[in-house]
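One is the number of the first residue; the rest follow in order along the sequence. Computed over heavy atoms, backbone and side chain alike; hydrogens, waters and symmetry mates excluded.
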Amino acid sequence: MVSTSPSLAEALAAGPLVLDGGLSNQLEAAGHDLSDALWSARLLAEEPEAVVRAHQAYYEAGAQVAITASYQATFEGFARRGIGTRQAAELLGRSVELAREAAGRARAGGVAGPLYVAASAGPYGAMLADGSEYRGRYGLSVAELERFHRPRLEVLAAARPDVLALETVPDADEARALLRAVRGLGVPAYLSYSVAEGSTRAGQPLAEAFAVAAEADEVIAVGVNCCAPQDADGAVRSAARRTGKPVVVYPNSGESWDAGARAWGGSAAFDAERVAAWAADGAALIGGCCRVGPEAIAAVAAALGR
């Protein structure tokens with residue numbers, strides 16, 4: 001059956017959509033240990049039902065777009081666990097299938113309207129599992145990074161998500177590699193940087209970083225995630241000005257991650273009242289990242305009238 005739902009790009013043009021929150025914190029709240037280097041991707045093989053339930057919780061809270069559990073899923077990372085190429089590809093594809101299953105259950109439970117799936121592709125540093133995704137500058141060329149990302153993106157695209165989520169990108173050079181890697185895949189993408197105090201995590205000015213995606217036809221939204229809520233404010237305006245594209249924004253709760261201790265500290269500062277300002281400044285895909293749960297996403301949905 002041919003879908004009559006609007007594409008994600010068409011839906012974004014019609015008005016802001018609600019993105020989900022942090023998948024990992026929802027899984028941890030359900031009692032799952034994510035201390036493994038594969039993070040939530042471990043559950044794709046071991047406890048897929050847990051992933052479905054986590055996605056479903058966000059759809060039922062008002063999210064219209066769910067991000068898959070493939071952020072830290074790479075051929076290299078799986079290989080370190082003894083998982084071969086074929087099974088790794090199956091697990092990557094499964095990440096999209098599980099989000100689709102959750103959408104189906106949410107609809108069966110009464111959630112109305114189109115529900116979309118964003119296939120997550122984290123940065124090279126996420127595969128290293130040492131916090132380097134918050135620094136960038138891995139010592140690799142753009143061509144080397146493109147060769148790393150392309151095989152995984154090919155598999156994710158073959159699973160036919162609504163969009164490829166090129167997320168938590170710390171470095172404009174890696175963004176260039178990702179934009180090369182998505183060419184010709186037949187699935188749109190959004191590009192989202194991890195930022196701090198007006199710069200990428202690698203220290204590049206945001207205006208320059210956003211400009212990388214301005215002419216990329218595959219990219220339907222540009223923005224930021226996995227940052228402090230206050231850092232998202234100016235970033236939304238900058239992304240809209242530099243690209244003319246819809247903006248995606250999903251910051252953390254405001255707590256800080258200690259990569260060495262692998263723990264969160266500080267207090268939450270995610271404020272759904274910011275949502276209206278982000279939407280006014282050009283944000284069309286709005287949600288939360290680390291430590292932002294279904295309750296906060298329900299508040300985002302309410303603020304957007306969803």
pair [X]-[Y]: side-chain heavy atoms closer than 4.5 Å:
X: S24; Y: Y71; result: no
X: C227; Y: Y250; result: no
X: E76; Y: F148; result: yes
X: V182; Y: E154; result: no
X: Y58; Y: L19; result: no
X: L91; Y: I83; result: yes
X: K245; Y: I220; result: no
X: V65; Y: D20; result: no

Would a single hydrophobic cluster contain both [Y] and [X], if residues Ile, Leu, Val, Met, Phe, Trp and Tyr are joined by side-chain heavy-atom contacts under 4.5 Å?
X: V142; Y: L178; answer: no
X: V249; Y: I67; answer: no
X: V292; Y: V18; answer: yes
X: W278; Y: V195; answer: yes
X: L166; Y: V248; answer: no

Can you name the nearest heavy-atom pair linking [X] to [Y], along with the distance?
X: T74; Y: R152; value: CG2-NH1, 3.8 Å
X: H149; Y: A181; value: CB-CB, 4.2 Å
X: L115; Y: A106; value: CD1-CB, 4.1 Å
X: S70; Y: A119; value: OG-C, 4.2 Å
X: A239; Y: T243; value: O-OG1, 2.7 Å
X: Y190; Y: V219; value: CA-CG1, 4.5 Å

Q.
As a test of understanding, state which of L285, L12, L17 forms a side chain to side chain contact (heavy atoms under 4.5 Å, CB included) with Y116.
A.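 Only match with Y116 under side chain to side chain contact (heavy atoms under 4.5 Å, CB included): L17.
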Check whether any side-chain N or O of [X] sits under 3.5 Å from a backbone N or O of [Y] as a donor-acceptor pair, and report yes or no.
X: R242; Y: A207; value: yes
X: E174; Y: V169; value: no
X: N252; Y: G254; value: no
X: Q26; Y: A57; value: no

Open item on the list: Let's go through T168 and E133 carefully: what are the C-alpha distance in whole Å and the side-chain angles of both, what is the deciding distance for side chain to side chain donor-acceptor pair (under 3.5 Å) to 0.1 Å, and is it a yes or a no?
Closed with: CA-CA 7 Å; T168 325; E133 71 262 44; over 6 Å; no
For the pair [X] and [Y], find out whether any cationic side-chain nitrogen is under 4.0 Å from an anionic carboxylate oxygen.
X: E49; Y: R53; result: yes
X: R274; Y: D233; result: yes
X: E46; Y: R81; result: yes
X: R176; Y: D171; result: no
X: E90; Y: R94; result: no
X: E101; Y: R105; result: yes

Can you tell me how far the [atom1] atom of [X] sits from the [atom2] atom of [Y], to the nearest 0.5 Å?
X: E146; Y: L179; atom1: CD; atom2: CG; value: 10.0 Å
X: E97; Y: T68; atom1: CD; atom2: OG1; value: 11.5 Å
X: L156; Y: S95; atom1: CG; atom2: OG; value: 5.5 Å
X: D281; Y: R241; atom1: CG; atom2: CZ; value: 9.0 Å
X: Q64; Y: I297; atom1: CD; atom2: CD1; value: 11.0 Å

Fill in: Test log, rule side-chain contact (heavy atoms from CB on, under 4.5 Å), inputs C290 and N225
CA-CA 9 Å; C290 300; N225 76 291; over 6 Å; no
Item to complete: Test salt bridge (charged side-chain N to carboxylate O under 4.0 Å, His left out) on D162 and R100 and set out the steps.
Response: CA-CA 10 Å; D162 296 292; R100 292 281 187 216; 3.0 Å; yes
- Task: Any chance you could lay out the side-chain contact (heavy atoms from CB on, under 4.5 Å) test for V111 and E60, step after step, and finish with the verdict?
- Result: CA-CA 7 Å; V111 174; E60 292 175 344; 4.2 Å; yes
task = Any chance you could lay out the side-chain contact (heavy atoms from CB on, under 4.5 Å) test for Y193 and V212, step after step, and finish with the verdict?
result = CA-CA 11 Å; Y193 286 99; V212 169; 4.1 Å; yes
- Message: Looking at E144, I'd like to know if its CD atom is crowded, meaning that more than 12 non-hydrogen atoms belonging to other residues, nucleotides or ligands lie closer than 6.0 Å.
- Response: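 Yes, because the 6.0 Å sphere around CD of E144 holds more than 12 heavy atoms from other groups.
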What verdict does the side-chain contact (heavy atoms from CB on, under 4.5 Å) test give for Q72 and M127, after you've listed the backbone C-alpha separation in whole Å, the side-chain angles of each residue and the deciding distance to 0.1 Å?
CA-CA 6 Å; Q72 210 140 339; M127 179 271 295; over 6 Å; no
- When you look at S194 and R201, which way does the side chain to side chain donor-acceptor pair (under 3.5 Å) test go after all the steps? CA-CA 6 Å; S194 177; R201 292 284 187 164; 3.0 Å; yes
